[in-house]
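Heads up: the structure comes next, in structure tokens.
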Amino acid sequence: MPELPEAEANRRRIEADALNRTIEGFWLGDTEHVDIPGDNERARLVGRQITETRRHGKIIFAGSKSGPWLAVHLGMTGSLRPYDGEERPEYTRIAVEFEGDRRLGFRDPRKFGWMKVIDDPETYLAEDRVGPDARQIGRDAFREVIGGSGGALKSALMNQGKLAGLGNLWSDEMLFQTGVAPTAKGSDLDEETLDALFDAMGEVLGTLIEVNADYSKLPSDWLKPGRKEGADCPRCGGTIAKRKVGGRTAFYCDSHQGA
DNA sequence: ACAGTTGTTCGGAG
DNA sequence: ACTCCGAACAACTG
């Protein structure tokens, strides 16, 4: 379930199991409609090694100082799976084959993810107009970006050009913990509320990264464990409600989130 | 069987 | 030119 914390957990798998091994080639599965690098792009990586990784928002980068780099977006259902030999997980679309038996698979059942070969992360992020990473943005920049948005707050939080890393689940969570309605307008919020949102974002993402995105380890007073319509709110006497906001299903407390 | 889905992109309206 | 919204995308899961 890939938003920023899940992308971070996947990045760590590369660090743990796919670093400093020479790339010999690629395995290709059912890649129809999957956006992956072509022959010439893949060939740029053969003979090279992944020596470092990065993450910006939901995008994972794997490469080396002089490049080129692999950039991966997990889409809605993607994950990176190191494996050995032919122990390939189902729905693996493409896999990097390292010297020896090690492979790094890109599993993506619903084919909404992508993989590219790029020269370097900074240039890619600038050209693609990706906003500041949600873990790196400062309080002032957050106030400006979110406080300056005109539409539904939830939509602004999920807009990767404004702020990179939040999706449906964790935008709901930070709004829930702050007590603000998903439909509130950013431009209507006072500074105090914007700061509270910023703090909640840090708390939510920080906690998730700490537990390596293992949802079973989340506090019981979070929205996520009981994120379904009609559930009792774990923070007040309210009830969890559901509605479409910005084209996605938002869950929120009908009592302490004001609307 | 059929509805629902964690994300991005695109066209069109404002 | 920029912002915002809704629909579309593909294919699996419950």
Side-chain angles (χ1 to χ4, degrees), chain A residues 1-11 29-36 55-60 71-81 89-94 105-116 118 124-125 127-131 133-134 144-176 182-188 201 204-205 207-209 211-216 218 222-231 240-252:
Chain A
M1 308 178 179
E3 297 177 39
L4 185 155
E6 295 80 7
E8 179 64 16
N10 278 272
R11 184 191 68 80
D30 166 19
T31 59
E32 191 175 5
H33 298 121
V34 187
D35 185 5
I36 57 158
R55 180 199 53 71
H56 185 104
K58 304 174 187 175
I59 304 173
I60 300 161
V72 180
H73 192 294
L74 301 173
M76 282 172 101
T77 55
S79 59
L80 292 172
R81 306 294 184 94
E90 198 181 4
Y91 304 119
T92 297
R93 304 304 178 188
I94 182 170
F106 175 34
R107 178 178 187 271
D108 188 13
R110 286 188 38 209
K111 301 183 171 180
F112 270 32
W114 51 253
M115 177 185 280
K116 301 178 197 298
I118 59 165
Y124 174 78
L125 291 169
E127 283 176 354
D128 226 53
R129 301 224 186 127
V130 180
D133 180 81
E144 195 155 320
V145 169
I146 301 304
S149 63
L153 196 49
K154 179 176 172 62
S155 302
L157 292 170
M158 292 193 301
N159 184 330
Q160 304 300 298
K162 292 184 190 296
L163 180 65
L166 295 173
N168 200 17
L169 244 38
W170 309 132
S171 60
D172 270 5
E173 188 68 49
M174 61 185 278
L175 289 163
F176 172 84
T183 47
K185 278 197 200 346
S187 49
D188 286 344
M201 178 173 76
V204 167
L205 297 178
T207 301
L208 281 156
I209 287 171
V211 301
N212 216 23
D214 177 351
Y215 302 162
S216 69
L218 296 179
W222 277 34
L223 171 65
K224 168 64 184 155
R227 190 176 178 270
K228 52 184 173 234
E229 195 171 21
I240 301 306
K242 154 182 137 164
R243 64 172 291 184
K244 289 276 182 200
V245 178
R248 314 217 66 78
T249 307
F251 289 85
Y252 61 99

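The shown structure was predicted, so the numbers you read here are calculated from the model rather than taken from an experiment. So that the names make sense, note that chain A is the first sequence line, chain B the second, and so on, each numbered from 1.
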query: Is any NZ, NE, NH1 or NH2 atom of the basic residue among A:D35 and A:K116 found under 4.0 Å from an Asp or Glu carboxylate oxygen of the other?
result: yes

- prompt: Starting at CE of A:M76 and ending at C1' of C:dA8, how long is that distance when rounded to a whole Å?
  reply: 12 Å

query: How would you list, by chain and number, every residue that makes a ring pair (Phe, Tyr, Trp, His ring centres under 6.0 Å) with A:W222, sequence neighbours excluded?
result: none

- request: Answer yes or no: is there a side-chain heavy-atom contact under 4.5 Å between A:L208 and A:L218?
  value: yes

Considering only nitrogen or oxygen atoms on both sides, find all protein atoms under 3.5 Å from nucleotides 12-14 of chain B and state each distance.
none

Between protein and nucleic acid, restricted to nucleotides 12-14 of chain C and to nitrogen or oxygen atoms under 3.5 Å apart, what atom pairs and distances do you find?
none

message: Can you identify which nucleotide, out of B:dT6, C:dC4, C:dA10, has its nearest atom closest to the A:K111 side chain?
response: C:dA10

message: Holding to ring pair (Phe, Tyr, Trp, His ring centres under 6.0 Å), I want the full list of residues that pass it with A:F106, two or more places apart in sequence or in another chain.
response: none

- request: Give A:K242 one of three labels, base, sugar-phosphate or nothing, depending on what nucleic acid heavy atoms sit under 4.0 Å from its own.
  value: nothing

message: Assess whether a salt bridge exists between A:E8 and A:R55, defined as any Lys/Arg side-chain N lying under 4.0 Å from an Asp/Glu carboxylate O.
response: yes

query: Over how many whole Å does the gap from A:I146 atom CD1 to C:dC4 atom P extend?
result: 10 Å

message: Return the OG1 to NZ distance between A:T249 and A:K244, rounded to the nearest 0.5 Å.
response: 3.5 Å

query: Is DNA chain C part of any stem, that is, at least 3 consecutive Watson-Crick or G-U pairs with both distances under 3.5 Å, and where?
result: B:2-5 with C:11-14, B:7-14 with C:2-9

Which pairs, protein N/O on one side and nucleotides 5-7 of chain C N/O on the other, fall under 3.5 Å?
none

- prompt: Are A:T77 and B:dT5 close enough that a side-chain N or O sits under 4.0 Å from OP1 or OP2?
  reply: no

message: Check this one for me: any side-chain N or O of A:K224 less than 4.0 Å away from OP1 or OP2 of B:dT6?
response: no

message: Using 30° and 60° as the class boundaries, would you call the ring planes of A:Y215 and A:W170 parallel, tilted or perpendicular?
response: perpendicular

field: Rounded interatomic separation in angstrom, taking CZ from A:F112 and C1' from C:dC9
entry: 5 Å

